[in-house]
Amino acid sequence: MTVTTDNEHGVAETQARQKRIGRAASVRFARLTRVVQSRLSSSLTRRIVVLNLGGLVALLGGFLYLNQFREGLIDARVQSLQTQGEIIAAAIAASATVDTDAITIDPEKLLRLAPGESYSLAEGSQPSMEFSLNPERIGPLLRRLVSPTRTRARIYDRDGYLLLDSRSVTGRSNILRFELGPAGGAESSSYLEQAINALRRWTRRPELPLYEDIGAGNGKAYPEVAAALTGGALSVVRANAKGETIISVAVPVQRFRSVRGALLLSTLGGDIDAILAQERWGIIRIFLVSAGVMLLLSLFFAGTIAEPMRRLAEAAERVRRGVKSRQEIPDFSQRQDEIGHLSGALRDMTRALYNRIEAIEHFAADVAHELKNPLTSLRSAVETLPIVKDENARSRLLTIIKHDVGRLDRLISDISDASRLDAELARADMDIVDVAGVLKTVVGMAQDVDRGDGVTITLDIQPADPRRRWRILGHDSRLAQVFDNLIANARSFSAEGGDVRVLLRPEQALGPGEQPIDGYEIIVDDDGPGIPAHAFERIFERFYTDRPEQGFGQNSGLGLSISRQIVEAHNGRIRAMNRTRAEPEGTDEIEPDDVVLGARFVLWLPAAR
């Protein structure tokens with residue numbers, strides 16, 4: 001017997017919940033992936049993305065390059081100043097002491113120093129030995145070492161007082177000026193330089209401290225000098241009042257681990273900024289190149305998208321305003337993108353619109369012509385009836401009036417049906433229709449109607465693929481109207497006691513690109529006189545009728561025209577032919593010595609997928 005604890009139930013529920021969450025996340029990710037793929041599958045979308053991001057990527061790369069260069073330049077300059085300071089400090093310590101070390105160094109104190117610790121003179125040292133560095137000996141050495149490097153060097157004693165400034169060293173003699181003005185000279189009065197300085201101050205990085213020149217003041221006000229007097233080395237990056245970057249490095253001047261002073265090396269104002277200005281100018285050049293590229297890409301964009309769209313819009317506006325002549329839509333169908341598809345769709349729409357307008361005009365003209373004939377006959381009969389005294393003549397006139405009124409009624413009904421057909425087919429949604437079931441219903445109703453002609457109507461349905469089951473996409477009522485028209489037309493041309501045969505079978509037809517399309521074929525055969533050789537297409541025209549044996553005005557001539565209109569709305573095809581002794585399967589070319597066995601109407605409809 002297996003016992004399941006509550007803990008095991010909880011673990012199982014947790015695992016099931018995690019699986020559900022994982023499946024939901026997978027479904028959402030797959031859905032997002034499909035959306036992204038569907039968006040990027042458009043060539044126009046990819047083109048827009050590339051064109052808009054190209055220039056921005058170039059600018060981003062330039063700015064990243066500038067920031068990296070600035071940081072790298074400052075780091076390299078700091079290392080260079082530190083190395084230069086160590087070399088100068090060593091040279092000064094070796095040559096610029098006043099006396100021997102034995103006078104100022106306590107050996108016992110020196111031995112007690114820990115590794116890395118520096119030795120400074122005690123406060124009780126002899127006043128004559130306070131200055132351990134000789135400025136007169138340091139001056140020429142400092143000038144030779146510092147002048148080629150475009151840096152400023154200041155030497156402080158161990159109490160932080162300024163001994164020597166490289167800006168005060170002349171070429172022929174060593175003149176010391178302790179009260180020195182700030183670096184950079186007097187304030188410029190040029191508006192351009194003031195604007196440049198203001199721009200520098202505005203663009204200065206906020207994390208950089210402000211540099212102030214203390215002149216002959218105590219050097220311990222600089223953190224790097226204070227650190228150097230304790231035996232360490234420190235570098236600080238600052239910005240002066242003009243916004244220029246200044247790098248300062250202080251190293252101790254020591255001999256035998258005894259700190260004698262501090263050497264402060266700093267860059268001149270504007271040196272780092274001059275290099276950065278060159279790089280900024282390089283970025284500006286990159287920007288100008290990027291702007292040029294963006295301009296060219298934008299022009300290309302306008303030429304490939306905006307200009308065709310403008311031309312299409314203008315052509316559509318001309319179509320809206322034009323009433324006398326056909327307006328042509330620009331053809332961009334050779335383009336394999338949305339513009340090409342839009343151009344083709346607009347051209348097809350315009351062509352269909354013009355065809356529809358022409359069809360309406362012709363239909364209106366045909367309706368006026370067909371209505372005029374019975375109205376003229378009716379008017380003549382009505383005007384003649386009051387003046388006719390003979391009863392037989394009056395009876396014939398009344399018969400004519402009755403016939404014309406019936407003809408008008410049929411014409412108006414058929415015209416109304418034809419005029420509603422387009423709108424109904426466009427508005428109504430197509431559903432799956434069982435074409436075999438519709439045919440059975442129509443044939444069954446035709447068999448039940450006894451017209452006294454003895455015509456027999458039979459239906460033959462051949463086996464088809466059971467997976468499709470005679471399914472098509474369409475309107476069942478309109479398809480039933482087509483089948484009823486074809487059967488009624490065949491019945492009207494059949495002799496008394498004749499046969500009308502209806503066949504339904506699966507059949508493939510060639511579609512666009514010569515691709516086979518599955519569908520169904522409905523064939524209606526009769527044993528009548530057949531169709532005249534010149535009328536295989538004319539019988540589908542509106543108001544065309546050729547029934548000399550039935551008398552004039554018995555049919556409106558709209559049945560087959562409406563049938564073709566419905567079939568084409570279902571993406572199908574209909575054609576007429578004759579069955580002959582030489583061609584029992586039907587042909588539209590009749591040899592002079594051949595015998596016509598009857599008419600055949602072939603209707604093909606595509607199968608539902």
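In this text, all values refer to a predicted model and were calculated from it rather than measured experimentally.
Across all their heavy atoms, Leu234 and Glu224 have their closest contact at O-CB, 3.5 Å. Across all non-hydrogen atoms, the minimal contact from Ala250 to Leu264 is CB-CD1, 4.0 Å. Contact between Met430 and Ala569 at its shortest, heavy atoms only, is CE-O, 3.3 Å. The two atoms that bring Ala608 and Ile432 nearest to each other are CB-CD1, 3.7 Å, heavy atoms only. Considering every non-hydrogen atom in both Gly261 and Leu229, the closest pair reads C-CD2, 3.8 Å. Heavy atoms only, all atoms of each residue included: Ala153 and Val146 are closest at CB-CG2, 3.7 Å.
With sequence neighbours left out, the side chain to side chain contact (heavy atoms under 4.5 Å, CB included) criterion links Pro330 to Arg311, Leu312, Ala315, Phe332. Judged as a side chain to side chain contact (heavy atoms under 4.5 Å, CB included), and not counting sequence neighbours, the contacts of Glu314 are Arg310, Arg318.
A donor-acceptor pair under 3.5 Å links the side-chain atoms of His570 to the main chain of His475, judged by distance alone. Under a 3.5 Å cut-off, the side chain of Asp159 and the backbone N or O of Tyr161 do not form any donor-acceptor pair. Looking only at distances, a side-chain donor or acceptor of Thr267 sits under 3.5 Å from a matching main-chain atom of Ile247. The closest donor-acceptor contact from the side chain of Ser80 to the backbone of Ala76 lies at 3.5 Å or more, if one exists at all. Using a distance-only test at 3.5 Å, with no hydrogens or angles considered, no donor-acceptor pair links the side chain of Ser343 to the main chain of Ile339.
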side-chain contact (heavy atoms from CB on, under 4.5 Å) assessment of Gln84 paired with Leu263: CA-CA 10 Å; Gln84 181 181 352; Leu263 171 64; over 6 Å; no

Chi angles and distances behind the side-chain contact (heavy atoms from CB on, under 4.5 Å) call for Met349, Val319: CA-CA 11 Å; Met349 182 190 69; Val319 170; over 6 Å; no

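Between atom CD1 of residue Ile246 and atom CG of residue Asn240 there is a gap of 4.5 Å, rounded to the nearest 0.5 Å. Atoms CG and CD1, from Leu145 and Ile88 in turn, are 5.0 Å apart once rounded to the nearest 0.5 Å. Atom CG of Leu163 is separated from atom CZ of Arg154 by 13.0 Å, given to the nearest 0.5 angstrom. To the nearest 0.5 Å, the span separating CD1 on Ile74 from CD on Gln79 amounts to 12.5 Å. For the atom pair OG1 of Thr350 and CD1 of Ile357, the computed distance is 10.0 Å after rounding to the nearest 0.5 Å.
By the 4.5 Å heavy-atom criterion applied to side chains, Arg351 and Asp348 are counted as neighbours. In this structure, Leu342 and Met309 have side chains that are in contact, with non-hydrogen atoms separated by less than 4.5 Å. No side-chain heavy atom of Arg238 sits less than 4.5 Å from a side-chain heavy atom of Ser266.
Between Tyr211 and Tyr222, the ring planes lie parallel to each other; the angle is under 30°, not in the 30° to 60° tilted range.
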